[in-house]
Amino acid sequence: MAHRKAGGTARSFRDSNPQYLGTKKYGGEKVQPGNIIIRQRGTKILAGANTDLGSDHTIYATKEGYVVYGTKRVQHFDGTVKIKKIVSVQ
């Protein structure tokens with residue numbers, strides 16, 4: 001007879017860390033150069049005036065100002081035209 005109960009492994013307790021994606025600064029908010037405006041996977045939202053795109057598609061401010069959101073018509077390589085969201089700093 002066993003003198004101790006079998007432990008087993010708990011497989012369901014492992015989890016990945018959160019990625020903290022999404023909008024960090026909304027329209028009308030004041031930003032400084034280097035402030036992150038949006039963290040995203042892929043360019044779902046395009047970088048406009050006074051903003052730049054990081055290597056992981058993060059949009060950040062390059063000048064001081066206020067965040068402004070808008071739309072832009074973008075033509076794809078196959079000729080289709082789609083309306084994309086764009087963020088800029090004014």
Side-chain angles (χ1 to χ4, degrees):
M1 243 174 106
H3 69 282
R4 190 167 292 179
K5 187 176 176 182
T9 59
R11 284 187 239 165
S12 62
F13 295 124
R14 285 193 300 258
D15 197 7
S16 59
N17 291 327
Q19 296 182 328
Y20 302 108
L21 301 177
T23 304
K24 306 302 179 191
K25 299 282 184 184
Y26 293 92
E29 286 192 54
K30 190 170 177 132
V31 290
Q32 303 290 329
N35 280 31
I36 293 174
I37 301 170
I38 295 175
R39 291 191 35 92
Q40 59 185 350
R41 292 290 170 259
T43 51
K44 296 178 180 176
I45 299 175
L46 303 175
N50 299 324
T51 60
D52 210 352
L53 197 66
S55 60
D56 61 344
H57 305 283
T58 296
I59 298 175
Y60 60 92
T62 56
K63 300 228 172 137
E64 185 176 347
Y66 294 93
V67 177
V68 178
Y69 287 91
T71 57
K72 181 179 181 182
R73 291 166 54 95
V74 177
Q75 186 171 4
H76 290 257
F77 294 111
D78 60 354
T80 59
V81 176
K82 295 205 172 180
I83 296 174
K84 295 281 246 178
K85 292 179 184 173
I86 187 168
V87 61
S88 57
V89 173
Q90 292 182 350

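Residue numbers start at 1 and run along the sequence shown.
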Any idea which heavy atoms bring [X] and [Y] closest together, and the distance?
{"X": "H57", "Y": "G42", "value": "CD2-N, 3.5 Å"}
{"X": "V81", "Y": "R73", "value": "CG1-NH2, 3.8 Å"}
{"X": "K24", "Y": "I36", "value": "CB-O, 3.5 Å"}
{"X": "R39", "Y": "R41", "value": "NH2-NH2, 4.3 Å"}
{"X": "Y69", "Y": "Y26", "value": "CE1-C, 3.8 Å"}

For K25, the option from I59, I38, V67 that meets side-chain contact (heavy atoms from CB on, under 4.5 Å): V67
Could you tell me the separation between the [atom1] atom of [X] and the [atom2] atom of [Y], rounded to the nearest 0.5 Å?
{"X": "T23", "Y": "Q40", "atom1": "OG1", "atom2": "CD", "result": "8.5 Å"}
{"X": "K82", "Y": "Q75", "atom1": "NZ", "atom2": "CD", "result": "13.0 Å"}
{"X": "K72", "Y": "I83", "atom1": "NZ", "atom2": "CD1", "result": "13.0 Å"}
{"X": "T71", "Y": "K85", "atom1": "OG1", "atom2": "NZ", "result": "10.0 Å"}
{"X": "I45", "Y": "I37", "atom1": "CD1", "atom2": "CD1", "result": "10.5 Å"}

Flag if over 12 foreign heavy atoms under 6.0 Å of CD, Q32: yes
Applying the 4.5 Å side-chain criterion to the ILVMFWY set and letting contacts propagate, would V87 and Y60 be lumped into a single cluster? no
Examine distances only and state if a side-chain atom of T51 and a backbone atom of S88 form a donor-acceptor pair shorter than 3.5 Å. no
